[in-house]
There are 2 protein chains.
Amino acid sequence: MLVVEDEPAIRELIAVNLRHAGYAVACAHSAEEAETILNGALPDLVVLDWMLPGQAGDAFARKLRSQPRTRDLSIIFVTARVEERDKLVGLESGADDYLTKPFSPKELTARIKAVLRRRAPQLTDDVVRIGGLELNPATRRVTGDRKPLDLGPTEFRMLHFLMSHPERVYNRTQLLDEVWGDHVFLEERTVDVHIRRLRMALSATGHDELIETVRGTGYRFRRG
Amino acid sequence: MLVVEDEPAIRELIAVNLRHAGYAVACAHSAEEAETILNGALPDLVVLDWMLPGQAGDAFARKLRSQPRTRDLSIIFVTARVEERDKLVGLESGADDYLTKPFSPKELTARIKAVLRRRAPQLTDDVVRIGGLELNPATRRVTGDRKPLDLGPTEFRMLHFLMSHPERVYNRTQLLDEVWGDHVFLEERTVDVHIRRLRMALSATGHDELIETVRGTGYRFRRG
DNA sequence: GAGCCGTGTCACGGTCCTGTAACACTGGAC
DNA sequence: GTCCAGTGTTACAGGACCGTGACACGGCTC
């Protein structure tokens with residue numbers, strides 16, 4: 001997650017809230033600094049101020065869209081202008097969404113979730129194979145070393161999600177959002193129990209150690 | 001791929017990204033120009049702006065659907081309106097999907113891929129043979145181990161569909177769409193009852209266990 | 001009209017799943 | 001070593017989910 005915003009107060013406000021929501025955040029106060037960062041690692045999403053010193057935000061967005069490496073980045077505009085015209089121009093530069101100041105942290109994270117969900121994390125019907133496990137969403141079958149595994153609906157969804165994002169650590173809130181849906185209202189410890197049930201099922205073929213606990217953070221599905 | 005959009009900026013944004021995704025793209029700024037192009041070559045898919053000058057986009061879509069030559073084109077609507085009502089009308093005019101501005105290039109290509117992939121193979125008249133069962137669509141006869149089975153119309157269509165996609169799990173909504181037709185308005189539990197009737201009929205030759213219940217998901221036709 | 005067949009819906013009961021609380025345990029800070 | 005937050009484990013009540021039988025309705029034949 002990259003936040004590009006010249007106003008320090010707003011930049012920190014956004015960053016703090018994103019971190020709290022479980023995202024890794026980098027900040028930049030100008031388009032130039034943002035470019036430097038982007039030359040290193042690519043984020044999943046860019047929160048971009050409409051009004052940037054020197055170079056306007058939408059010009060920067062067009063630039064991102066014009067380069068192959070950054071073409072597919074999700075972009076959310078933050079703007080103080082509410083006029084329709086500005087929104088339209090924002091759309092023309094290929095933003096995924098926009099926020100009008102003032103906005104609440106809740107709205108920010110909600111929109112980010114919406115944008116991210118709209119695009120990537122849609123679990124597909126493709127077969128996932130990792131570490132001796134094979135999960136087939138279309139037939140809803142899971143095999144560990146050719147032996148079939150019996151999973152409940154929730155266990156299956158969780159394993160599907162984890163296997164689709166190996167090595168990556170998810171906290172309990174994120175798992176609730178991804179596996180149960182983000183409108184649910186459940187205890188975080190519920191995740192623990194389902195992790196256990198999933199591990200139990202996987203242990204039938206000796207694959208129970210594929211799900212790793214990251215103390216203080218959450219869980220991770222290991223490669224091999 | 002044909003892009004029909006009157007706003008030059010958005011049109012180019014879409015076209016550039018589609019070309020980058022590997023599609024051949026033609027552009028039109030109005031419905032009239034689009035018709036001229038369609039008189040020449042037929043694309044696989046049309047990206048159509050909801051608001052077109054002169055003729056509304058959905059009117060154009062209806063026109064496409066009404067002509068045999070363009071009836072089967074996939075259509076994706078692009079609209080700035082987010083209201084549910086508009087979405088509904090968009091789908092009623094036969095759109096395969098719609099995009100709400102703002103959207104990102106990645107989202108656009110993802111949806112296009114989804115629509116193209118969704119064009120599932122229709123049920124053919126070929127004889128289907130699986131697990132001792134033989135279903136002949138042309139004669140509308142089903143035999144289990146050479147013994148004839150007596151099925152009602154709905155049971156037959158459902159068995160035909162399930163046997164044509166063995167191992168794959170379908171939920172009740174999908175089965176309603178595939179067996180009854182896209183836009184029926186029936187209780188999902190109705191599927192259960194017909195599954196039962198089908199199982200009863202199949203049990204006459206001992207093949208009732210071929211239809212498997214996948215709890216929390218739907219039903220599956222087992223191989224062998 | 002009566003009778004039959006195919007169909008959609010409902011209600012009941014059993015089974016399995018699931019969320020939660022309570023308790024046991026672990027790892028790390030000090 | 002002690003202590004504590006964080007996690008593993010277990011048990012259980014409630015509920016979701018599905019199979020099943022019954023019933024009403026419409027179309028059809030006679």
Side-chain angles (χ1 to χ4, degrees), chain A residues 22 140 142 148-162 169-204 207-222, chain B residues 140-142 148-162 169-204 207-222:
Chain A
R140 215 190 157 287
V142 183
L149 287 176
D150 190 31
L151 300 181
T154 307
E155 288 151 34
F156 184 87
R157 286 200 310 274
M158 183 143 81
L159 182 61
H160 189 195
F161 175 73
L162 289 175
V169 181
Y170 292 95
N171 63 35
R172 292 171 176 73
T173 305
Q174 291 173 314
L175 286 174
L176 282 176
D177 284 352
E178 297 287 350
V179 179
W180 279 260
D182 27 42
H183 51 279
V184 297
F185 173 66
L186 295 177
E187 295 293 324
E188 298 212 328
R189 291 303 307 280
T190 300
V191 175
D192 298 35
V193 179
H194 279 273
I195 287 283
R196 159 156 171 79
R197 287 168 182 160
L198 185 49
R199 278 173 174 159
M200 289 258 63
L202 294 183
S203 73
H207 289 89
D208 51 315
E209 294 186 358
L210 281 176
I211 300 178
E212 200 174 353
T213 302
V214 182
R215 198 180 169 84
T217 308
Y219 297 94
R220 159 170 53 202
F221 192 91
R222 296 204 316 214
Chain B
R140 217 196 150 284
R141 287 221 163 86
V142 182
L149 287 176
D150 186 32
L151 299 182
T154 307
E155 289 152 32
F156 183 85
R157 287 199 309 275
M158 182 142 80
L159 183 60
H160 188 195
F161 176 73
L162 289 175
V169 178
Y170 292 96
N171 62 37
R172 292 170 176 73
T173 305
Q174 291 174 314
L175 287 174
L176 282 176
D177 283 352
E178 297 287 351
V179 178
W180 278 261
D182 262 334
H183 299 303
V184 293
F185 176 65
L186 294 177
E187 293 295 323
E188 298 212 328
R189 291 303 305 277
T190 300
V191 175
D192 298 35
V193 179
H194 281 271
I195 286 282
R196 160 158 171 77
R197 286 167 183 161
L198 184 50
R199 277 173 175 160
M200 291 293 302
L202 293 183
S203 73
H207 288 90
D208 52 315
E209 294 186 358
L210 281 176
I211 300 178
E212 202 174 352
T213 302
V214 182
R215 195 180 170 86
T217 309
Y219 296 96
R220 160 170 55 203
F221 192 90
R222 295 206 315 214

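Heavy-atom basis, side chains included; hydrogens, waters and symmetry copies ignored. Numbered from 1 within each chain, the chains take letters A, B, ... in sequence-line order.
- Scanning all heavy atoms of the two residues, the minimum distance from B:Leu151 to B:Ala201 falls at CD2-CB, 3.3 Å.
- Considering all non-hydrogen atoms of both residues, B:Thr217 and A:Arg140 come closest at OG1-NE, 2.9 Å.
- Taking atom CE on A:Met200 and atom P on D:dT9, their separation rounds to 7 Å, with Å as the unit.
- Of the side-chain N and O atoms in A:Trp180, none sit less than 4.0 angstrom from OP1 or OP2 of C:dT18.
- As rounded to whole Å, 13 Å separates atom P of C:dG19 from atom CG of A:Leu175.
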Look for any protein N or O under 3.5 Å of an N or O in nucleotides 10-15 of chain C and output each such pair with its distance, or none.
none

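- What separates CZ of A:Arg199 from P of D:dT10 is a distance of 13 Å, to the nearest Å.
- In this structure, B:Leu186 and B:Leu176 approach most closely via the heavy-atom pair O-CD1, 3.9 Å.
- When side chains are defined from C-beta on, A:Val179 does not count as touching A:His160, because their heavy atoms never get closer than 4.5 Å.
- A sub-4.0 Å separation between OP1 or OP2 of D:dC17 and a side-chain N or O of B:Tyr219 is absent.
- Here CD1 of B:Ile211 is found 11.5 Å from CD of B:Glu209. Values are rounded to the nearest 0.5 Å.
- Per the geometry, CZ belonging to B:Arg196 stands 15 Å off C1' belonging to C:dT7, to the nearest Å.
- Nucleic acid contact class of A:Val191 (heavy atoms, under 4.0 Å, all strands): none.
- Here B:His194 does not reach the OP1 or OP2 of C:dT7: none of its side-chain N or O atoms lies under 4.0 Å away.
- Residue A:Thr190 is classed as a base contact, given a heavy-atom separation below 4.0 Å to a base.
- Among the nucleotides C:dG8, D:dG21, C:dG19, the one closest to any side-chain atom of A:Leu186 is C:dG19.
- Put simply, the side chain of B:Arg197 and the base of C:dG8 share a donor and an acceptor less than 3.5 Å apart.
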Just the atom pairs and distances: protein N or O near nucleotides 24-30 of chain D's N or O, under 3.5 Å.
none

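- For the pair B:Glu209 CD and D:dG19 C1', the interatomic distance rounds to 14 Å; values are reported in whole Å.
- Proximity of residues 151-158 of chain A to DNA chain C (heavy atom under 4.0 angstrom from any strand atom) is restricted to A:Pro153, A:Thr154.
- Here C:dG19 presents its P atom at 15 Å from CZ of A:Arg172, a figure rounded to the nearest Å.
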